[in-house]
Amino acid sequence: MDNPQRRTGEGQKISFIPKFSQVFLNPIGNLCSCYEMFGRGGDGSNRLVLVCLGLLNVALLIAAVVIGTYCAKVKEGSLQVSHSAATELINKLNILRGNHSDVIKAEKETKDALERALKNHVQIKEKIEQLKTINDNYQKQTEALLTQKTILLSNMSAFENCGRCLSGWVPLNSSCYFFSYSESSVVKKNWPDSRADCIHRGADLIVIDSQEEQIFVSHTIEYMKTSSRFWENAFWLGFTDRNTEGTWRWINNVTEVEQRYWMDGEPNDDGHRGEDCGMAVSSSVNPWKTRNDGNCERSKIHWICEMTSR
(Lines give C-alpha, C1' and ligand atoms only; values in the text may rest on other atoms or scores of the structure.)
Protein backbone atom coordinates (compact mmCIF):
# COMPACT_ATOMS: atom_id res chain seq x y z
CA MET A 1 0.00 0.00 0.00
CA ASP A 2 1.35 3.39 -0.87
CA ASN A 3 1.86 5.97 1.79
CA PRO A 4 -0.57 8.85 1.60
CA GLN A 5 0.91 11.90 -0.10
CA ARG A 6 0.10 15.46 -0.13
CA ARG A 7 1.43 18.36 -2.20
CA THR A 8 2.32 21.77 -0.92
CA GLY A 9 1.61 25.01 -2.67
CA GLU A 10 5.05 24.83 -4.36
CA GLY A 11 4.33 21.40 -5.66
CA GLN A 12 6.55 19.63 -3.13
CA LYS A 13 5.32 16.31 -1.84
CA ILE A 14 4.89 15.77 1.85
CA SER A 15 4.80 12.18 2.99
CA PHE A 16 3.02 11.12 6.27
CA ILE A 17 4.42 7.80 7.38
CA PRO A 18 2.88 6.22 10.51
CA LYS A 19 6.15 5.50 12.35
CA PHE A 20 4.47 4.08 15.39
CA SER A 21 1.24 4.35 17.22
CA GLN A 22 0.99 5.12 20.98
CA VAL A 23 -2.24 4.72 22.83
CA PHE A 24 -2.65 6.16 26.31
CA LEU A 25 -5.15 7.66 28.64
CA ASN A 26 -5.12 11.40 28.72
CA PRO A 27 -5.69 13.27 32.00
CA ILE A 28 -9.45 13.22 31.41
CA GLY A 29 -9.55 9.51 30.61
CA ASN A 30 -9.73 9.65 26.74
CA LEU A 31 -7.64 7.54 24.40
CA CYS A 32 -4.97 9.37 22.49
CA SER A 33 -3.00 8.17 19.40
CA CYS A 34 0.15 9.86 18.15
CA TYR A 35 1.83 9.41 14.79
CA GLU A 36 5.32 10.39 14.04
CA MET A 37 5.46 12.40 10.87
CA PHE A 38 8.43 12.40 8.55
CA GLY A 39 8.97 15.18 6.22
CA ARG A 40 8.96 18.83 6.52
CA GLY A 41 7.49 20.33 9.66
CA GLY A 42 8.53 17.18 11.70
CA ASP A 43 9.74 19.11 14.76
CA GLY A 44 6.26 20.07 15.84
CA SER A 45 5.11 16.51 15.51
CA ASN A 46 8.01 15.27 17.66
CA ARG A 47 7.13 17.71 20.39
CA LEU A 48 3.57 16.51 20.29
CA VAL A 49 4.70 12.93 20.72
CA LEU A 50 6.86 13.85 23.68
CA VAL A 51 4.00 15.68 25.27
CA CYS A 52 1.77 12.66 24.79
CA LEU A 53 4.37 10.37 26.30
CA GLY A 54 4.81 12.67 29.28
CA LEU A 55 1.08 12.73 29.86
CA LEU A 56 0.98 8.96 29.58
CA ASN A 57 3.74 8.59 32.19
CA VAL A 58 1.95 10.95 34.50
CA ALA A 59 -1.26 8.96 34.05
CA LEU A 60 0.58 5.68 34.72
CA LEU A 61 2.27 7.18 37.80
CA ILE A 62 -1.06 8.37 39.16
CA ALA A 63 -2.60 4.94 38.49
CA ALA A 64 0.36 3.24 40.20
CA VAL A 65 0.05 5.53 43.22
CA VAL A 66 -3.69 4.92 43.44
CA ILE A 67 -3.26 1.16 43.12
CA GLY A 68 -0.40 1.15 45.62
CA THR A 69 -2.41 3.17 48.12
CA TYR A 70 -5.37 0.84 47.73
CA CYS A 71 -3.18 -2.24 48.15
CA ALA A 72 -1.56 -0.69 51.20
CA LYS A 73 -4.97 -0.06 52.75
CA VAL A 74 -6.14 -3.58 51.94
CA LYS A 75 -2.92 -5.03 53.39
CA GLU A 76 -3.17 -2.85 56.49
CA GLY A 77 -6.81 -3.97 57.02
CA SER A 78 -5.81 -7.58 56.54
CA LEU A 79 -2.96 -7.15 58.99
CA GLN A 80 -5.29 -5.50 61.46
CA VAL A 81 -7.78 -8.37 61.13
CA SER A 82 -4.99 -10.92 61.50
CA HIS A 83 -3.52 -9.04 64.45
CA SER A 84 -6.95 -8.91 66.17
CA ALA A 85 -7.54 -12.63 65.63
CA ALA A 86 -4.05 -13.45 66.86
CA THR A 87 -4.59 -11.26 69.94
CA GLU A 88 -7.86 -13.05 70.69
CA LEU A 89 -6.19 -16.44 70.34
CA ILE A 90 -3.33 -15.35 72.61
CA ASN A 91 -5.83 -14.12 75.20
CA LYS A 92 -7.70 -17.41 75.08
CA LEU A 93 -4.42 -19.31 75.37
CA ASN A 94 -3.49 -17.26 78.44
CA ILE A 95 -6.91 -17.97 79.96
CA LEU A 96 -6.46 -21.69 79.31
CA ARG A 97 -3.01 -21.59 80.86
CA GLY A 98 -4.43 -19.82 83.90
CA ASN A 99 -7.25 -22.37 84.19
CA HIS A 100 -4.74 -25.21 83.83
CA SER A 101 -2.66 -23.75 86.63
CA ASP A 102 -5.78 -23.42 88.80
CA VAL A 103 -6.71 -27.05 88.10
CA ILE A 104 -3.23 -28.24 89.02
CA LYS A 105 -3.32 -26.16 92.19
CA ALA A 106 -6.79 -27.47 93.12
CA GLU A 107 -5.66 -31.04 92.42
CA LYS A 108 -2.65 -30.61 94.69
CA GLU A 109 -4.80 -29.10 97.45
CA THR A 110 -7.31 -31.95 97.14
CA LYS A 111 -4.53 -34.53 97.26
CA ASP A 112 -3.03 -32.90 100.36
CA ALA A 113 -6.47 -32.79 102.04
CA LEU A 114 -7.03 -36.47 101.22
CA GLU A 115 -3.64 -37.41 102.67
CA ARG A 116 -4.44 -35.46 105.85
CA ALA A 117 -7.85 -37.15 106.10
CA LEU A 118 -6.29 -40.60 105.67
CA LYS A 119 -3.69 -39.79 108.29
CA ASN A 120 -6.39 -38.60 110.70
CA HIS A 121 -8.41 -41.76 109.97
CA VAL A 122 -5.44 -43.96 110.84
CA GLN A 123 -4.83 -41.99 114.04
CA ILE A 124 -8.50 -42.21 115.05
CA LYS A 125 -8.52 -45.94 114.32
CA GLU A 126 -5.43 -46.41 116.50
CA LYS A 127 -7.05 -44.43 119.31
CA ILE A 128 -10.21 -46.54 119.04
CA GLU A 129 -8.14 -49.72 119.28
CA GLN A 130 -6.31 -48.31 122.29
CA LEU A 131 -9.56 -47.34 124.00
CA LYS A 132 -11.02 -50.76 123.19
CA THR A 133 -8.01 -52.45 124.75
CA ILE A 134 -8.28 -50.23 127.81
CA ASN A 135 -12.01 -50.98 128.08
CA ASP A 136 -11.40 -54.73 127.78
CA ASN A 137 -8.79 -54.50 130.52
CA TYR A 138 -11.20 -52.57 132.74
CA GLN A 139 -13.89 -55.17 132.13
CA LYS A 140 -11.53 -58.01 132.99
CA GLN A 141 -10.40 -56.20 136.10
CA THR A 142 -14.03 -55.60 137.08
CA GLU A 143 -14.88 -59.25 136.63
CA ALA A 144 -11.79 -60.29 138.57
CA LEU A 145 -12.69 -57.92 141.42
CA LEU A 146 -16.26 -59.21 141.42
CA THR A 147 -14.99 -62.77 141.59
CA GLN A 148 -12.68 -61.90 144.47
CA LYS A 149 -15.55 -60.15 146.21
CA THR A 150 -17.73 -63.24 145.81
CA ILE A 151 -14.99 -65.47 147.17
CA LEU A 152 -14.47 -63.16 150.13
CA LEU A 153 -18.20 -63.02 150.79
CA SER A 154 -18.35 -66.79 150.52
CA ASN A 155 -15.54 -67.15 153.02
CA MET A 156 -17.20 -64.65 155.34
CA SER A 157 -20.47 -66.51 154.96
CA ALA A 158 -18.70 -69.75 155.75
CA PHE A 159 -17.44 -68.30 159.01
CA GLU A 160 -20.79 -66.76 159.82
CA ASN A 161 -22.67 -69.93 158.95
CA CYS A 162 -20.21 -72.26 160.56
CA GLY A 163 -22.24 -75.14 161.88
CA ARG A 164 -25.37 -73.99 160.04
CA CYS A 165 -24.81 -76.21 156.94
CA LEU A 166 -24.48 -79.98 156.81
CA SER A 167 -21.11 -81.58 156.26
CA GLY A 168 -20.15 -81.43 152.57
CA TRP A 169 -22.35 -78.43 151.93
CA VAL A 170 -20.97 -75.01 151.01
CA PRO A 171 -22.49 -71.93 152.67
CA LEU A 172 -23.23 -68.63 150.92
CA ASN A 173 -25.24 -65.93 152.63
CA SER A 174 -28.38 -67.66 153.95
CA SER A 175 -28.15 -70.80 151.77
CA CYS A 176 -26.21 -74.04 151.72
CA TYR A 177 -25.13 -75.74 148.46
CA PHE A 178 -24.36 -79.35 147.67
CA PHE A 179 -22.20 -80.12 144.60
CA SER A 180 -22.60 -83.80 143.76
CA TYR A 181 -19.02 -83.89 142.43
CA SER A 182 -17.75 -83.43 146.00
CA GLU A 183 -19.38 -86.75 146.96
CA SER A 184 -18.56 -88.70 143.79
CA SER A 185 -16.82 -87.58 140.58
CA VAL A 186 -18.21 -90.52 138.59
CA VAL A 187 -21.86 -90.65 139.68
CA LYS A 188 -24.01 -88.67 137.24
CA LYS A 189 -27.77 -88.51 136.82
CA ASN A 190 -30.39 -87.09 134.48
CA TRP A 191 -32.43 -84.04 135.45
CA PRO A 192 -35.42 -85.81 137.15
CA ASP A 193 -33.17 -88.15 139.15
CA SER A 194 -30.92 -85.25 140.18
CA ARG A 195 -33.88 -83.31 141.51
CA ALA A 196 -35.14 -86.39 143.32
CA ASP A 197 -31.73 -86.71 145.03
CA CYS A 198 -31.88 -83.08 146.19
CA ILE A 199 -35.38 -83.54 147.56
CA HIS A 200 -34.21 -86.67 149.37
CA ARG A 201 -31.53 -84.51 151.05
CA GLY A 202 -34.15 -82.01 152.21
CA ALA A 203 -33.31 -79.51 149.45
CA ASP A 204 -34.04 -78.92 145.76
CA LEU A 205 -32.09 -78.08 142.60
CA ILE A 206 -30.39 -74.71 142.81
CA VAL A 207 -32.21 -71.50 141.83
CA ILE A 208 -29.76 -68.78 140.79
CA ASP A 209 -31.35 -65.40 141.45
CA SER A 210 -28.40 -63.01 141.86
CA GLN A 211 -25.12 -62.08 140.18
CA GLU A 212 -23.27 -63.05 143.32
CA GLU A 213 -24.75 -66.53 143.17
CA GLN A 214 -23.91 -66.78 139.44
CA ILE A 215 -20.24 -65.98 140.10
CA PHE A 216 -20.18 -68.35 143.06
CA VAL A 217 -21.44 -71.30 140.99
CA SER A 218 -19.16 -70.50 138.01
CA HIS A 219 -16.11 -70.22 140.24
CA THR A 220 -16.86 -73.41 142.18
CA ILE A 221 -17.54 -75.78 139.25
CA GLU A 222 -14.41 -74.52 137.46
CA TYR A 223 -12.38 -76.90 139.63
CA MET A 224 -14.69 -79.91 139.12
CA LYS A 225 -13.92 -81.00 135.56
CA THR A 226 -14.00 -84.66 134.58
CA SER A 227 -13.90 -84.47 130.76
CA SER A 228 -12.51 -82.44 127.87
CA ARG A 229 -16.06 -81.99 126.60
CA PHE A 230 -17.57 -78.92 128.16
CA TRP A 231 -21.12 -80.30 128.42
CA GLU A 232 -19.89 -83.40 130.32
CA ASN A 233 -18.52 -81.05 133.02
CA ALA A 234 -21.93 -79.36 133.44
CA PHE A 235 -24.22 -79.35 136.50
CA TRP A 236 -28.01 -79.48 136.46
CA LEU A 237 -29.82 -76.31 137.59
CA GLY A 238 -33.39 -75.98 138.78
CA PHE A 239 -34.97 -74.45 135.65
CA THR A 240 -36.74 -75.86 132.57
CA ASP A 241 -39.03 -75.01 129.65
CA ARG A 242 -40.94 -78.30 129.74
CA ASN A 243 -44.29 -76.62 130.26
CA THR A 244 -43.92 -73.97 127.51
CA GLU A 245 -41.21 -74.33 124.88
CA GLY A 246 -38.93 -71.30 124.92
CA THR A 247 -40.20 -69.99 128.28
CA TRP A 248 -37.67 -70.95 130.91
CA ARG A 249 -38.90 -71.08 134.51
CA TRP A 250 -37.13 -71.89 137.76
CA ILE A 251 -38.58 -74.54 140.04
CA ASN A 252 -39.85 -71.73 142.31
CA ASN A 253 -42.03 -70.68 139.31
CA VAL A 254 -39.95 -67.54 138.56
CA THR A 255 -39.45 -66.87 134.85
CA GLU A 256 -35.83 -66.53 133.78
CA VAL A 257 -35.37 -63.16 132.05
CA GLU A 258 -31.59 -62.81 132.04
CA GLN A 259 -30.38 -63.72 128.51
CA ARG A 260 -26.73 -62.82 129.04
CA TYR A 261 -26.06 -65.93 131.12
CA TRP A 262 -26.63 -68.25 128.15
CA MET A 263 -23.71 -69.46 126.06
CA ASP A 264 -23.56 -68.08 122.52
CA GLY A 265 -26.19 -69.77 120.37
CA GLU A 266 -28.05 -71.24 123.34
CA PRO A 267 -30.66 -72.36 124.11
CA ASN A 268 -31.16 -74.11 120.76
CA ASP A 269 -33.31 -77.14 121.76
CA ASP A 270 -30.88 -79.27 119.72
CA GLY A 271 -32.83 -78.59 116.53
CA HIS A 272 -36.25 -79.33 118.11
CA ARG A 273 -35.09 -82.71 119.42
CA GLY A 274 -35.95 -81.89 123.00
CA GLU A 275 -33.50 -80.03 125.24
CA ASP A 276 -35.81 -78.74 127.96
CA CYS A 277 -33.63 -78.69 131.10
CA GLY A 278 -31.01 -76.14 132.07
CA MET A 279 -27.43 -76.72 133.16
CA ALA A 280 -24.35 -74.68 134.09
CA VAL A 281 -20.97 -75.31 132.44
CA SER A 282 -17.53 -74.14 133.55
CA SER A 283 -16.08 -71.12 131.78
CA SER A 284 -12.75 -69.60 132.70
CA VAL A 285 -13.12 -67.02 129.92
CA ASN A 286 -16.50 -65.52 130.80
CA PRO A 287 -18.24 -66.47 134.07
CA TRP A 288 -21.44 -64.83 132.86
CA LYS A 289 -22.00 -67.11 129.84
CA THR A 290 -22.31 -70.53 131.50
CA ARG A 291 -25.81 -71.81 130.77
CA ASN A 292 -26.79 -74.48 128.28
CA ASP A 293 -29.87 -76.57 127.56
CA GLY A 294 -29.78 -80.38 127.59
CA ASN A 295 -32.00 -83.40 127.20
CA CYS A 296 -33.74 -83.95 130.54
CA GLU A 297 -33.84 -87.75 130.27
CA ARG A 298 -30.82 -88.79 128.21
CA SER A 299 -28.18 -86.35 129.42
CA LYS A 300 -26.44 -87.49 132.65
CA ILE A 301 -24.23 -85.01 134.47
CA HIS A 302 -23.54 -83.73 138.00
CA TRP A 303 -26.05 -81.55 139.86
CA ILE A 304 -26.28 -78.79 142.49
CA CYS A 305 -28.72 -78.78 145.42
CA GLU A 306 -29.69 -75.74 147.49
CA MET A 307 -31.28 -75.40 150.88
CA THR A 308 -31.77 -72.69 153.47
CA SER A 309 -29.12 -72.69 156.16
CA ARG A 310 -30.12 -73.68 159.71
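If you read the sequence from its start, that first residue is 1, and numbering goes on from there. These numbers come from the heavy atoms of this one structure, side chains and all, not from hydrogens, waters or symmetry mates.
- Cluster annotation: I62 is not connected to L55 through the hydrophobic network of ILVMFWY side chains, with a link wherever side-chain heavy atoms come within less than 4.5 Å.
- Listed by first and then second residue, the disulfide bond (SG atoms under 2.5 Å apart) pairs involving residues 180-254 are C198-C305 (not counting sequence neighbours).
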E275 vs N268, side-chain contact (heavy atoms from CB on, under 4.5 Å): CA-CA, chis, key distance, verdict
CA-CA 8 Å; E275 289 187 339; N268 58 15; 3.2 Å; yes

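- When all heavy atoms of V281 and A234 are compared, the closest pair comes out as CG1-CB, 3.6 Å.
- Cluster partners of L61, by chain and number: V65. The rule joins Ile, Leu, Val, Met, Phe, Trp and Tyr whenever side-chain heavy atoms lie under 4.5 Å apart.
- Linking ILVMFWY residues whenever their side-chain heavy atoms come closer than 4.5 Å, directly or via other members, leaves I199 and F235 in distinct clusters.
- We find the CG-CG distance between N243 and D276 to be 9.5 Å, quoted to the nearest 0.5 Å.
- Checking E256 against W250 by side-chain atom types alone, a donor-acceptor pair falls below 3.5 Å.
- With salt bridges taken as basic N to acidic carboxylate O contacts below 4.0 Å, none links E258 and R291.
- Under the rule for a side-chain hydrogen bond (donor to acceptor under 3.5 Å, both in side chains), S299 has no partner lying at least two apart in sequence or in another chain.
- Comment: D264 engages K289 in a salt bridge, judged by a side-chain N to carboxylate O separation of less than 4.0 angstrom.
- Note on residues 109-119: pairs passing side-chain hydrogen bond (donor to acceptor under 3.5 Å, both in side chains), not counting sequence neighbours, are K108-D112.
- Between W303 and F178, the angle of the ring planes lies from 30° to 60°, which puts this pair in the tilted group.
- L166 and L172 fall within a single hydrophobic cluster, where Ile, Leu, Val, Met, Phe, Trp and Tyr are joined by side-chain heavy atoms under 4.5 Å apart, directly or via other members.
- For the atom pair CZ (F239) and CG (D209), the distance works out to 13.0 Å, reported to the nearest 0.5 Å.
- The OG atom of S180 sits 8.0 Å away from atom CD1 of I304, with the distance rounded to the nearest 0.5 Å.
- Considering all non-hydrogen atoms of both residues, Y181 and K225 come closest at OH-O, 4.2 Å.
- Cluster partners of L96 are absent, since no Ile, Leu, Val, Met, Phe, Trp or Tyr has side-chain heavy atoms less than 4.5 Å from it.
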Applying salt bridge (charged side-chain N to carboxylate O under 4.0 Å, His left out) to D204 and R195, what does each step give before you reach the verdict?
CA-CA 6 Å; D204 208 335; R195 187 178 187 191; 3.0 Å; yes

Should T226 and K188 be marked as a side chain to side chain donor-acceptor pair (under 3.5 Å) after you check the CA-CA gap, both sets of side-chain angles, and the distance that decides it?
CA-CA 11 Å; T226 59; K188 298 181 179 181; 3.3 Å; yes

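- In terms of modelled atom types and a separation under 3.5 Å, the side chain of N135 and the main chain of L131 share no donor-acceptor contact.
- With hydrogens and angles left out, the side-chain atoms of K300 and S194 include no donor and acceptor closer than 3.5 Å.
- Formation of a donor-acceptor pair under 3.5 Å by the E306 side chain with backbone atoms of V207 is found in this model.
- Contact detail for S182 and G168: the closest heavy-atom pair is OG-O, 4.1 Å.
- The main-chain N or O of S175 is never found under 3.5 Å from a side-chain atom of W169 such that the two would form a donor-acceptor pair.
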Stepwise ring pair (Phe, Tyr, Trp, His ring centres under 6.0 Å) check, W262 with W248
CA-CA 12 Å; W262 289 97; W248 289 84; 5.1 Å; yes

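- The residue from N292, N233, T290 that alone fulfils the side-chain contact (heavy atoms from CB on, under 4.5 Å) condition with M279 is N292.
- For N295 (side chain) and G274 (main-chain N/O), a donor-acceptor pair under 3.5 Å exists by modelled atom type.
- For R229, the CZ atom sits in a loose shell: 12 or fewer heavy atoms of surrounding residues, nucleotides or ligands are nearer than 6.0 Å.
- Under the 30°/60° scheme for interplanar angles, the aromatic rings of Y177 and F179 are found to be tilted.
- For the pair S282 (side chain) and E222 (backbone), a donor-acceptor distance under 3.5 Å is absent.
- Residues forming a side-chain hydrogen bond (donor to acceptor under 3.5 Å, both in side chains) with D193 (at least two apart in sequence, or on another chain): none.
- With hydrogens and angles disregarded, a donor-acceptor distance shorter than 3.5 Å links the side chain of N286 to the backbone of W288.
- When hydrophobic clusters are built by joining Ile, Leu, Val, Met, Phe, Trp and Tyr residues whose side-chain heavy atoms come closer than 4.5 Å, directly or via intermediates, Y223 is not grouped with I206.
- Atom CZ of residue R242 and atom OG1 of residue T247 lie 15.5 Å apart, to the nearest 0.5 angstrom.
- At a threshold of 4.5 Å between non-hydrogen side-chain atoms, the residues E232 and I301 do not count as touching.
- When all heavy atoms are compared, the tightest approach of D293 to P267 is OD2-CB, 3.3 Å.
- Under the 3.5 Å distance criterion, with hydrogens and angles disregarded, no donor-acceptor pair is assigned to the side chains of R260 and Q214.
- By the neighbour-count criterion of 12 heavy atoms within 6.0 Å, atom CD of E107 is sparsely surrounded, having that number or fewer from other residues, nucleotides or ligands.
- A distance of 11.5 Å separates NZ in K189 from NE2 in H302, rounded to the nearest 0.5 Å.
- Residue L53 holds its CG atom at 10.5 Å from CG of L60, rounded to the nearest 0.5 Å.
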